[in-house]
Amino acid sequence: QVQLVESGGGLVQAGGSLRLSCVASGRTISGYPMGWFRQAPGEERRFVAAVTSTGVITYYADSVKGRFTISRDNAQNTLYLQMNSLKPEDTAVYYCAARASGTATAMRVGADYWGKGTLVTVSS
């Protein structure tokens, strides 16, 4: 019953920044842990970041730690991913996700609701 729509993807040079947004509809996401995954060409979808329902605690894949910041605005039913110091290896389709149960830690292994993705391309 939750629909997620990502936006903000595009082409950026290495070292640049991009901010992704994910707007949820259908239900409030205030009680849901949420996160971001990405899928590079020819590779499997992998965990990027997660945040607790209140936005207090965050988790990151080692590959993006220190460069990406996940945040949320529950009043606006929106999730964000601020991406700084982008590298060509970050090129992928980025997916917004939410869990109806469990914790933000559980986001690392899967989710209940998914967006359709937004493409991020980082050039050298």
Residue pairs involving residues 74-105 (criterion ring-ring contact (aromatic ring centres under 6.0 Å, His included); sequence neighbours excluded) = none

Tell me the ring-ring contact (aromatic ring centres under 6.0 Å, His included) pairs involving residues 40-72, sequence neighbours left out?
-> Phe37-Phe47

May I have the step-by-step check of side-chain contact (heavy atoms from CB on, under 4.5 Å) for Tyr32 and Val2, ending in yes or no?
-> CA-CA 11 Å; Tyr32 295 171; Val2 177; 3.6 Å; yes

Can you measure from [atom1] ([X]) to [atom2] ([Y]) and round to the nearest 0.5 angstrom?
{"X": "Arg19", "Y": "Ser7", "atom1": "CZ", "atom2": "OG", "answer": "10.0 Å"}
{"X": "Met34", "Y": "Leu81", "atom1": "CE", "atom2": "CG", "answer": "11.5 Å"}
{"X": "Gln39", "Y": "Leu119", "atom1": "CD", "atom2": "CG", "answer": "11.5 Å"}
{"X": "Cys22", "Y": "Arg72", "atom1": "SG", "atom2": "CZ", "answer": "10.0 Å"}
{"X": "Asp73", "Y": "Thr78", "atom1": "CG", "atom2": "OG1", "answer": "6.0 Å"}

Mind checking whether Thr28 and Asn74 have side chains closer than 4.5 Å, heavy atoms only?
-> no

Any side-chain heavy atom of Ser63 within less than 4.5 Å of one from Arg38?
->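 Sidechains of Arg38 and Ser63: in contact.
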
CD of Gln3: more than 12 outside heavy atoms within 6.0 angstrom?
-> no

In this structure, are over 12 heavy atoms from other groups packed under 6.0 Å from Arg45 atom CZ?
->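 Enclosed.
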
Please check if the side chain of Thr69 supplies one atom and the backbone of Gln82 the other of a donor-acceptor pair under 3.5 Å.
-> no

Hey, does the side chain of Asn77 reach the backbone of Ser30 with a donor-acceptor pair shorter than 3.5 angstrom?
->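 Absent.
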
Carefully, step by step, assess Asp90 and Met83 under the rule side-chain contact (heavy atoms from CB on, under 4.5 Å).
-> CA-CA 9 Å; Asp90 296 318; Met83 304 184 294; over 6 Å; no

Name the one of Pro88, Ser123, Ser124 that satisfies side-chain contact (heavy atoms from CB on, under 4.5 Å) with Gln13?
->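 Exactly one pass, corresponding to Ser123.
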
So which of Val93, Leu18, Thr91 actually passes side-chain contact (heavy atoms from CB on, under 4.5 Å) with Val120?
-> Leu18

On a heavy-atom basis, the closest approach of Ala111 and Ala98 is CB-O, 3.5 Å

Minimum heavy-atom separation for Ala24 to Ile29, with atom names?
->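 Closest approach of Ala24 to Ile29, heavy atoms only: CB-CG2, 3.3 Å.
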
Report whether [X] and [Y] are members of the same hydrophobic cluster (ILVMFWY, side-chain heavy atoms less than 4.5 Å apart, transitive linking).
{"X": "Leu4", "Y": "Leu79", "answer": "yes"}
{"X": "Val109", "Y": "Trp114", "answer": "no"}
{"X": "Trp36", "Y": "Met107", "answer": "no"}

